[in-house]
Amino acid sequence: IAVHSWNPVTQKPDRDLTDGRSYIMSTNVMHISNCEISFLGTDHINDTTPLLIPDGRNGATNRTLADFTLAGCFGFSWRKASSSSLFHPTGTLRDSVLHHLWYGFYTWEARNGTVTGNLFHSNARYGFDPHDFTSNFIVTNNTSHNNGGHGFIISRGCSNFYFAHNIAFNNTYGVDHPGQAHGFTVDPGAGDRQLVPCSDVTFLNNTAFENDGNGIQVVGATRVALFNNRVHHNTKSGVKVVFSQNVRVSMNTVTHN
């Protein structure tokens, strides 16, 4: 099964993410397997386009990037329907290819997900990006490459993540932000919102190489384990850990960074 946007003028998938483009968002349960998902997501929606924004400003004008973030316009996302909702999106993503999206895979307060056997490539920003209190995810046997940012990232209050047998390579921001696209990274968030540490994260038998940044980076996190990973030929550090507590780094192979 293939799912992509469509430009009726060119009779081809819509390659312009700056003028409003279709996207997939789940606020409930979604199970995807053996699917190609491409050319979705946008970094711009005009002020008349209805958005499902958690704080209720669905008809707001002068929308900010945060509005698009919360609205789930990234391309393929699982997002809690509102800040007051008691239900957290969940599901599985298996044996699929996500490419030429704005962000490859994005979550916001998702729970109990399994992401295995997928390929994330050629996305405008990150390949894999669970965010804001997403928890209890198993992430195995995925490859993320040639994205316009990090290969794999979890950010701001994420917890209980298990990464095993994943590969991240050749991810780069390009000339605007050299050296800042990491293979795997854990961070507490950024910008003007409160920083919240991620916790209880395991990296086992993953590989990161030829990324324009660090191979594996851990920032402001607690209870992180890095075992048996292979990290080589990244432009900056192989493994970088800063402002973090209870981090175990053991039996990794780190060379030529």
Side-chain angles (χ1 to χ4, degrees), residues 69 74 77-80 88 103-116 120 125-140 142 144 147 149-169 171 173 177 179-209 211-232 234-254 257:
T69 300
F74 285 105
S77 59
W78 299 347
R79 186 185 60 73
K80 191 176 177 183
H88 296 270
Y103 282 65
F105 176 77
Y106 180 88
T107 70
W108 187 76
E109 291 201 39
R111 298 285 188 274
N112 305 317
T114 298
V115 179
T116 185
F120 308 101
R125 296 296 302 275
Y126 310 148
F128 176 86
D129 183 19
H131 226 279
D132 282 51
F133 308 103
T134 293
S135 65
N136 302 320
F137 264 59
I138 296 173
V139 186
T140 60
N142 304 285
S144 184
N147 299 292
H150 310 309
F152 296 85
I153 178 174
I154 60 173
S155 181
R156 195 168 186 269
C158 292
S159 61
N160 295 303
F161 268 74
Y162 177 75
F163 289 90
H165 303 285
N166 302 287
I167 301 172
F169 68 93
N171 296 291
Y173 273 114
H177 302 282
Q180 297 184 36
H182 313 306
F184 299 85
T185 186
V186 179
D187 72 36
D192 57 0
R193 294 193 301 159
Q194 179 183 1
L195 303 181
V196 182
C198 293
S199 62
D200 301 294
V201 183
T202 297
F203 291 96
L204 174 67
N205 291 323
N206 301 285
T207 301
F209 64 95
N211 298 288
D212 188 24
N214 302 312
I216 302 176
Q217 174 175 279
V218 179
V219 178
T222 184
R223 297 186 301 276
V224 180
L226 284 68
F227 297 138
N228 245 18
N229 301 286
R230 295 180 65 248
V231 185
H232 61 91
N234 299 285
T235 61
K236 298 185 76 175
S237 300
V239 175
K240 182 177 182 179
V241 179
V242 293
F243 307 119
S244 298
Q245 300 179 15
N246 299 318
V247 178
R248 297 179 63 191
V249 181
S250 178
M251 300 178 67
N252 301 283
T253 302
V254 182
N257 297 285

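These numbers come from a predicted model, not from an experiment.
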Could you tell me which residues satisfy side chain to side chain contact (heavy atoms under 4.5 Å, CB included) with [X], sequence neighbours excluded, listed by chain and number?
X: Thr116; answer: Arg94, Thr114, Thr140, Asn141
X: Lys240; answer: Asn214, Gln217, Ser237, Val242
X: Asn206; answer: Phe163, Asn166, Phe184, Phe203, Asn229
X: Asn257; answer: Val231, Asn234, Val254

Of the non-hydrogen atoms in [X] and [Y], which two are nearest, and what is the gap between them?
X: Ser244; Y: Val219; answer: OG-C, 3.7 Å
X: Gly183; Y: Ala168; answer: O-CB, 3.5 Å
X: Ser144; Y: Gly151; answer: OG-O, 2.8 Å
X: Glu109; Y: Thr134; answer: N-OG1, 3.4 Å
X: Phe227; Y: Arg248; answer: CZ-CZ, 3.9 Å

Exercise. Would you please say whether a donor-acceptor pair under 3.5 Å links the side chains of Ser159 and Ser199?
Key: no
In Å and rounded to the nearest 0.5 Å, what is the [atom1] to [atom2] distance from [X] to [Y]?
X: Asn205; Y: Asn228; atom1: CG; atom2: CG; result: 4.5 Å
X: Asn160; Y: Arg223; atom1: CG; atom2: CZ; result: 8.5 Å
X: His88; Y: Asn136; atom1: NE2; atom2: CG; result: 10.5 Å
X: Asn252; Y: His232; atom1: CG; atom2: NE2; result: 13.0 Å
X: Leu195; Y: Asp187; atom1: CG; atom2: CG; result: 8.5 Å
X: Tyr173; Y: Gln180; atom1: OH; atom2: CD; result: 7.0 Å

In the structure I gave you, are the side-chain heavy atoms of [X] and [Y] within less than 4.5 Å of one another anywhere?
X: Ser250; Y: Leu226; value: no
X: Phe120; Y: Val115; value: yes
X: Phe128; Y: Asn147; value: no

**Item:** Trace of the side chain to side chain contact (heavy atoms under 4.5 Å, CB included) decision for Arg156 with Gln194
**Value:** CA-CA 9 Å; Arg156 195 168 186 269; Gln194 179 183 1; 4.2 Å; yes
His182 meets the ring-ring contact (aromatic ring centres under 6.0 Å, His included) criterion, sequence neighbours left out, with His150
Legend entry - Those residues that, when tested against Asp212, pass salt bridge (Lys or Arg N to Asp or Glu O under 4.0 Å) (two or more places apart):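 By the salt bridge (Lys or Arg N to Asp or Glu O under 4.0 Å) rule, Asp212 matches no residue at all.
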*asked:* Please verify the inter-ring angle class for Phe137 with Phe161; under 30° counts as parallel, over 60° as perpendicular, anything in between as tilted.
replied: parallel
For this session: Tell me, yes or no, whether the heavy-atom count around Arg230 atom CZ, taken from other residues, nucleotides or ligands under 6.0 Å, exceeds 12.
Result: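 No - once you tally the heavy atoms of other residues, nucleotides and ligands closer than 6.0 Å, there are 12 at most.
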Between Asn211 and Asn171, is there a donor-acceptor pair closer than 3.5 Å when you use the side chain of the first and the backbone of the second?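 The answer is yes, because a donor-acceptor pair under 3.5 Å joins these two groups.
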Practice problem: Without swapping roles, check the side chain of Thr235 against the backbone of Gly213 for a donor-acceptor pair under 3.5 Å. | Solution: yes
Between Val186 and the options Cys198, Pro197, Cys158, the side-chain contact (heavy atoms from CB on, under 4.5 Å) test singles out Cys198
Exactly one candidate in Tyr106, Trp108, Phe105 meets ring pair (Phe, Tyr, Trp, His ring centres under 6.0 Å) with Trp78; the answer is Phe105
Inset, instruction - Please step through side chain to side chain contact (heavy atoms under 4.5 Å, CB included) for the pair Lys80 and Phe133, ending with a clear verdict. - result: CA-CA 10 Å; Lys80 191 176 177 183; Phe133 308 103; over 6 Å; no
